[in-house]
Amino acid sequence: MRKIQVQGVHHITLTGADRQTSIDFWEGVLGMPFIFDQPNLDDPEEGHLYFDPGDGRLITIFTNEKRSPDRRRTPTEPGCVHHLAFNMSHAVFSQVIERLEARGIGHSGVKDRGFMDSIYFKDPLGLLIELACYRFEPPVGCTHADVMIEAHRLRLARGDYNIQEVHLADAIEMLVERRQGSLSEDRSARNPYA
């Protein structure tokens, strides 16, 4: 059977409560510009708000003024969304705890994930949100996924429990060597500075 090849997330749509709760959280707390809204084309009783999470893709929310926020944790049974994770720079990540606490938003504190650091908290509707910060930058021409698959292979070959920074560093070195040759590898090249 042939695959149906996807090329990235197009958008994620969530069921929200009232319109203002969504605007206050997605733009007001997480800084996602509110880029447009229109009616939910499948349900005229609902609005459909669109936010840019920072990469030009979309987070959209179906809103209804008859629904109110419910902060209880959203279901985590099979088939349910466990959490949404958003990437951020180290500079912003270093400010997250202070800024969440200034708003009275409870959080997990920083969690060490080996290849990244994370902080978790709930949105006004009980959905778990993760703010994540990679501990590495991929080489030019490579993606975070390119580094992660190589780091995973190194971790398995070494029998390590999870990906750590040494796996990332070695994966980055391998990717750079693959992408870019070096004159020192050419034994016929002479060093004029020797």
Side-chain angles (χ1 to χ4, degrees), residues 1 3-14 25-26 29-32 53-59 71-182 184-185:
M1 298 290 263
K3 295 178 186 176
I4 303 170
Q5 187 62 56
V6 301
Q7 294 178 268
V9 172
H10 186 280
H11 70 277
I12 295 169
T13 299
L14 304 169
F25 180 74
W26 295 99
V29 175
L30 294 183
M32 296 183 189
D55 60 4
R57 289 178 169 75
L58 300 169
I59 299 288
R71 293 195 60 85
R72 291 178 295 174
R73 177 71 169 99
T74 55
T76 57
E77 286 82 25
C80 295
V81 172
H82 186 276
H83 70 277
L84 293 181
F86 298 102
N87 186 39
M88 57 182 37
S89 74
H90 178 72
V92 176
F93 190 83
S94 71
Q95 301 297 305
V96 168
I97 290 176
E98 177 184 330
R99 294 179 186 196
L100 286 173
E101 289 176 353
R103 294 174 175 272
I105 298 173
H107 57 82
S108 65
V110 176
K111 300 289 185 182
D112 176 350
R113 300 300 186 214
F115 62 94
M116 68 181 191
D117 291 310
S118 298
I119 294 175
Y120 298 87
F121 63 98
K122 290 189 302 185
D123 83 346
L125 305 179
L127 177 63
L128 190 62
I129 302 293
E130 175 185 6
L131 302 179
C133 178
Y134 283 111
R135 291 183 174 176
F136 67 96
E137 285 298 319
V140 172
C142 296
T143 65
H144 284 91
D146 294 330
V147 175
M148 294 301 297
I149 195 168
E150 293 301 333
H152 172 74
R153 289 175 177 146
L154 290 167
R155 175 189 74 84
L156 290 179
R158 296 171 186 173
D160 295 331
Y161 182 70
N162 67 306
I163 293 174
Q164 294 296 317
E165 288 181 340
V166 65
H167 305 117
L168 299 169
D170 292 349
I172 289 167
E173 182 179 347
M174 289 170 53
L175 289 166
V176 169
E177 287 174 355
R178 245 184 248 154
R179 189 192 90 245
Q180 180 67 51
S182 169
S184 66
E185 294 170 3

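Values below: all heavy atoms of this structure, side chains included; hydrogens, waters and symmetry mates excluded.
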| field | Residues in salt bridge (Lys or Arg N to Asp or Glu O under 4.0 Å) contact with R158, at least two apart in sequence or another chain | value |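 Salt bridge (Lys or Arg N to Asp or Glu O under 4.0 Å) list for R158, sorted by chain: D170.
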| field | Partner residues of D160 under the salt bridge (Lys or Arg N to Asp or Glu O under 4.0 Å) criterion, sequence neighbours left out | value |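 D160 satisfies salt bridge (Lys or Arg N to Asp or Glu O under 4.0 Å) with no residue once adjacent residues are dropped.
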Nearest heavy-atom pair of [X] and [Y]: which atoms, and what distance?
X: I59; Y: M32; result: CG1-SD, 4.2 Å
X: S118; Y: A132; result: OG-CB, 4.3 Å
X: G109; Y: I97; result: CA-CD1, 4.4 Å
X: V96; Y: L131; result: CG1-CD1, 3.7 Å
X: H107; Y: L100; result: CB-CD1, 3.8 Å
X: A171; Y: A151; result: CB-N, 3.6 Å

Working to the nearest 0.5 Å, report the span between [atom1] of [X] and [atom2] of [Y].
X: K122; Y: F25; atom1: NZ; atom2: CZ; value: 12.0 Å
X: Q95; Y: S89; atom1: CD; atom2: OG; value: 10.0 Å
X: I119; Y: I129; atom1: CD1; atom2: CD1; value: 13.5 Å
X: D117; Y: M88; atom1: CG; atom2: CE; value: 12.0 Å
X: R153; Y: M148; atom1: CZ; atom2: CE; value: 12.5 Å
X: H167; Y: H152; atom1: NE2; atom2: NE2; value: 11.0 Å

| said: Any salt bridge linking R113 with E130? Criterion: basic side-chain nitrogen under 4.0 Å from a carboxylate oxygen. | reply: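 Judged by the 4.0 Å cut-off on N to carboxylate O distance, R113 and E130 do not form a salt bridge.
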| task | Check the pair R155 / Q164 against side chain to side chain contact (heavy atoms under 4.5 Å, CB included), numbers first and verdict last. | result | CA-CA 8 Å; R155 175 189 74 84; Q164 294 296 317; over 6 Å; no
Could you check if a side-chain atom of [X] sits within less than 4.5 angstrom of a side-chain atom of [Y], using non-hydrogen atoms only?
X: L84; Y: L14; value: yes
X: E150; Y: R178; value: yes
X: P138; Y: T143; value: no

| said: In terms of relative ring orientation, are F115 and Y134 parallel, tilted or perpendicular, with 30° and 60° separating the classes? | reply: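 Because their plane-to-plane angle lies in the 30° to 60° range, the rings of F115 and Y134 count as tilted.
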| message | Heavy-atom count check: over 12 atoms from other residues, nucleotides or ligands less than 6.0 Å from R71 CZ? | response |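 Yes - once you tally the heavy atoms of other residues, nucleotides and ligands closer than 6.0 Å, there are more than 12.
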| said: Counting only heavy atoms from other residues, nucleotides and ligands, does the tally under 6.0 Å from CD1 of I149 exceed 12? | reply: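 Atom CD1 in I149 is not packed in, count stays at 12 or less.
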| request: Only counting residues at least two apart or in another chain, list the ones meeting side chain to side chain donor-acceptor pair (under 3.5 Å) with D123. | output: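 Testing D123 for side chain to side chain donor-acceptor pair (under 3.5 Å), a comparison that skips the adjacent residues, returns none.
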| request: Could you give me the CA-CA distance, side-chain angles and deciding distance for L125 and T74, then say whether side chain to side chain contact (heavy atoms under 4.5 Å, CB included) is met? | output: CA-CA 8 Å; L125 305 179; T74 55; 5.6 Å; no
| request: Carefully, step by step, assess V29 and I105 under the rule side chain to side chain contact (heavy atoms under 4.5 Å, CB included). | output: CA-CA 10 Å; V29 175; I105 298 173; 4.3 Å; yes
| query | Do side-chain atoms of R135 reach the backbone of E165 as a donor and acceptor pair under 3.5 angstrom? | reply |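 A pair under 3.5 Å: no.
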